[in-house]
Protein chains: 2
Amino acid sequence: MADKSNTQEKIIESATVLFLEKGFHRTSVRDIASRAKINISLMNYYFRSKEILFETIIDLLIGGAVSSLKEILDSDLDLNEKIRQYINKYIDLLISNPLLVSFVLAILNHSPDKISKLKVTDSLYNTEKFANQLDEENSKGNIRKVDPEQFYLNMLSLIAFPFAVKHVINEKNNFSNEAFNDFIIKRKDIIYNTLISSIKP
Amino acid sequence: MADKSNTQEKIIESATVLFLEKGFHRTSVRDIASRAKINISLMNYYFRSKEILFETIIDLLIGGAVSSLKEILDSDLDLNEKIRQYINKYIDLLISNPLLVSFVLAILNHSPDKISKLKVTDSLYNTEKFANQLDEENSKGNIRKVDPEQFYLNMLSLIAFPFAVKHVINEKNNFSNEAFNDFIIKRKDIIYNTLISSIKP
DNA sequence: ATTTGTTTTAAACAAACGTTTAAAACAAAT
DNA sequence: ATTTGTTTTAAACGTTTGTTTAAAACAAAT
């Protein structure tokens with residue numbers, strides 16, 4: 001038999017790049033086929049439709065990425081250390097795939113129904129343990145009283161937003177991709193200090 | 001003569017809503033025409049192309065919005081008061097047009113060339129005065145030493161990002177649009193305190 | 001009443017889209 | 001050597017896309 005796995009992988013690889021770069025609607029099946037150097041029909045042969053191919057790739061891209069973040073958030077780590085590790089892991093993850101933020105935001109705003117069925121939901125929605133931890137630390141007098149929902153959103157905003165405006169940041173500061181990464185890596189400490197000083201009693 | 005201005009406005013109004021909701025590529029000229037209850041050809045009669053109509057609307061939406069923010073940033077206000085006013089005005093602006101963030105982010109990532117020619121550039125790029133102010137306040141010993149670029153990005157992230165994930169926030173917390181606005185208005189103080197406590201000496 | 005210039009209309013354009021079809025090419029099993 | 005099942009191919013499918021055309025409708029000026 002012919003090499004099924006090979007072409008299937010080629011389709012996913014090419015489609016992933018294109019979907020990340022141009023989004024769903026700007027990417028045509030002919031784009032995908034020509035980049036993967038395969039016949040157009042093979043896209044419908046292996047995946048039943050462009051839509052299904054897209055959802056497959058969403059799962060591949062997002063599913064694995066955020067499950068590791070949820071682990072940290074649900075761990076028994078000390079609050080400060082948990083925040084530190086969460087920031088570091090999240091930023092490392094986004095540095096290795098800087099288009100992920102824009103990709104998710106695009107899906108969120110063009111087809112919100114798609115995201116709620118996906119694994120992102122579980123990992124972004126379930127912040128109960130972290131919220132309880134914040135409440136408990138406040139009861140002990142270790143930190144100020146905060147709305148956990150707002151605090152978590154602050155953390156997420158400071159981590160993710162810069163990747164959504166990467167183009168602007170780079171143009172404004174004449175950054176190369178390496179300079180952008182340096183700038184982002186510096187943010188690990190900055191975000192940590194900002195968040196910690198905002199809850200210090 | 002017939003009512004030229006009326007139809008032109010109808011086109012802009014309808015196209016604005018659709019572009020904001022669905023973006024450029026998901027909005028067809030037939031969508032625009034049927035919503036404005038006009039003939040398809042009139043879109044090409046008043047604006048030469050869908051592209052030009054889109055750029056016209058970008059200028060209308062963004063141009064006016066951000067120029068008022070730049071005024072605050074370039075003013076001679078005391079640092080704390082400037083930060084306070086900037087946050088408040090920005091959030092008020094986004095509450096009155098909650099789709100603006102997603103709209104700009106979509107343009108940024110699908111056609112970055114478009115945004116650099118626009119008025120957003122001037123208002124987002126020129127943060128020199130604000131940066132100098134931060135440096136000066138540090139020299140006086142009033143605030144900690146900070147990278148102005150990072151601090152400004154923090155401010156922007158905390159303000160804008162929640163609007164980019166409005167859908168997720170609402171679903172997670174069972175928020176109505178009013179509840180979301182309440183949640184966001186509470187952020188005015190939260191963001192201010194977070195930023196100020198991060199630069200306190 | 002006729003001319004003039006502008007606005008609106010219906011119809012069609014070529015191009016691109018996602019998808020389907022039916023036959024060819026291929027490798028393994030009988 | 002032939003059959004079987006899978007993979008690949010070329011061509012066409014019917015829609016939808018943005019845009020153009022040419023004629024009609026219209027209001028104001030002569």
Side-chain angles (χ1 to χ4, degrees), chain A residues 1-61 103 106-107 109-111 113-114 117, chain B residues 1-61 103 106-107 109-111 113-114 117:
Chain A
M1 304 183 184
D3 49 348
K4 161 176 175 162
S5 60
N6 200 356
T7 49
Q8 192 162 348
E9 277 171 18
K10 278 199 289 181
I11 295 175
I12 288 200
E13 279 172 22
S14 304
T16 300
V17 174
L18 291 171
F19 282 146
L20 277 171
E21 277 178 357
K22 318 205 288 172
F24 181 75
H25 285 92
R26 286 177 61 96
T27 300
S28 72
V29 294
R30 285 170 177 82
D31 282 346
I32 299 171
S34 89
R35 183 176 233 275
K37 286 168 188 166
I38 50 114
N39 193 286
I40 326 169
S41 320
L42 289 177
M43 194 235 88
N44 280 83
Y45 177 73
Y46 285 104
F47 310 87
R48 288 171 43 79
S49 68
K50 183 191 175 189
E51 189 88 12
I52 293 177
L53 171 60
F54 185 61
E55 286 172 8
T56 305
I57 286 174
I58 292 180
D59 278 335
L60 285 174
L61 273 176
F103 181 73
I107 299 173
N109 289 283
H110 288 344
S111 42
D113 53 301
K114 213 158 272 174
K117 295 178 196 164
Chain B
M1 303 183 185
D3 48 349
K4 161 176 173 161
S5 60
N6 199 356
T7 48
Q8 191 161 351
E9 278 171 17
K10 279 199 289 181
I11 295 175
I12 288 201
E13 280 171 21
S14 304
T16 301
V17 174
L18 292 171
F19 283 147
L20 276 171
E21 278 178 357
K22 317 206 288 172
F24 181 76
H25 285 92
R26 285 178 62 93
T27 301
S28 72
V29 294
R30 284 168 179 83
D31 282 346
I32 299 171
S34 88
R35 183 176 232 275
K37 286 167 187 165
I38 52 115
N39 192 287
I40 326 169
S41 320
L42 289 177
M43 193 236 88
N44 279 83
Y45 177 73
Y46 285 104
F47 311 87
R48 288 171 42 79
S49 69
K50 182 191 175 189
E51 188 89 12
I52 293 177
L53 172 60
F54 184 62
E55 285 171 8
T56 305
I57 287 174
I58 292 180
D59 279 334
L60 285 173
L61 274 176
F103 181 74
I107 300 172
N109 288 283
H110 289 344
S111 42
D113 52 302
K114 213 157 270 172
K117 294 178 196 164

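All of these numbers come straight from a predicted model, not from anything done at the bench. So you know, we letter chains A, B, ... as the sequences are listed, proteins then strands, and number each from 1.
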Listed pairs under 3.5 Å, donor-acceptor, residues 14-21 of chain B side chains, sequence neighbours left out:
from: B/S14; atom 1: OG; to: B/K10; atom 2: O; distance (Å): 3.0
from: B/S14; atom 1: OG; to: B/A36; atom 2: N; distance (Å): 3.4
from: B/T16; atom 1: OG1; to: B/I12; atom 2: O; distance (Å): 2.5

Spacing between [X] atom [atom1] and [N] atom [atom2], to the nearest angstrom:
X	N	atom1	atom2	value
B/I40	D/dT20	CD1	P	13 Å
B/R48	D/dG18	CZ	P	17 Å
A/F47	D/dT7	CZ	P	13 Å
B/Y45	D/dA23	OH	C1'	14 Å
B/I32	D/dG18	CD1	C1'	11 Å
B/L42	D/dT21	CG	P	16 Å
B/N39	C/dA12	CG	C1'	13 Å
B/I11	D/dT19	CD1	P	13 Å

Which protein N or O atoms sit under 3.5 Å from an N or O of nucleotides 14-18 of chain C?
from: C/dG18; atom 1: OP1; to: A/K50; atom 2: NZ; distance (Å): 2.7
from: C/dG18; atom 1: OP2; to: A/V29; atom 2: N; distance (Å): 2.9
from: C/dG18; atom 1: N7; to: A/R30; atom 2: NH1; distance (Å): 2.9
from: C/dG18; atom 1: O6; to: A/R30; atom 2: NH2; distance (Å): 2.9

From D/dT21, C/dT19, D/dA10, pick the nucleotide closest to the side chain of B/S41?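 Closest nucleotide among those given: D/dT21.
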
Taking the side chain of A/T7 as its heavy atoms from C-beta onward, which of C/dT19, D/dT8, C/dT8 lies nearest to it?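 From the listed options, D/dT8 comes nearest.
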
Of all residues at least two apart in sequence or in a different chain, which pass the side-chain contact (heavy atoms from CB on, under 4.5 Å) check with A/S49?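 For A/S49 the side-chain contact (heavy atoms from CB on, under 4.5 Å) partners, ignoring immediate neighbours, are A/E51, A/I52.
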
Any salt bridge (Lys or Arg N to Asp or Glu O under 4.0 Å) pairs touching residues 23-34 of chain A, not counting sequence neighbours?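 Pairs touching residues 23-34 of chain A that pass the test: A/K22-A/D31.
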
Would A/F103 and A/I58 count as a side chain to side chain contact (heavy atoms under 4.5 Å, CB included) if you check the C-alpha gap in whole Å, the side-chain angles of each, and the deciding distance to 0.1 Å? CA-CA 9 Å; A/F103 181 73; A/I58 292 180; 4.0 Å; yes

Helix axis bend for the helix from C/dA14-D/dT17 to C/dT30-D/dA1 - C1'-based end axes, five pairs, 10° rounding: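 About 30° separates the two local helix axes.
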
Among all residues two or more places apart in sequence or in another chain, which pass the side chain to side chain donor-acceptor pair (under 3.5 Å) test with B/S41?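 Here the qualifying residues are B/N39.
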
Kindly indicate whether the side chain of B/Y45, heavy atoms from C-beta on, has any atom under 4.5 Å from the side chain of B/I11.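 A side-chain contact is absent here, since even the closest heavy-atom pair is not under 4.5 Å.
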
Could you check whether any side-chain heavy atom of B/V29 comes within less than 4.5 Å of a side-chain heavy atom of B/L53, counting everything from C-beta outward?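 No. Closest side-chain heavy atoms not under 4.5 Å.
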
Given 3.5 Å as the limit, does a donor-acceptor pair link the side chain of A/K50 with the main chain of A/F24, or not?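 Yes, A/K50 side chain to A/F24 backbone: donor-acceptor pair under 3.5 Å.
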
Can you tell me how far apart CE (A/M43) and CZ (A/R48) are? Round to the nearest 0.5 Å.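 Here the rounded value is 10.5 Å.
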
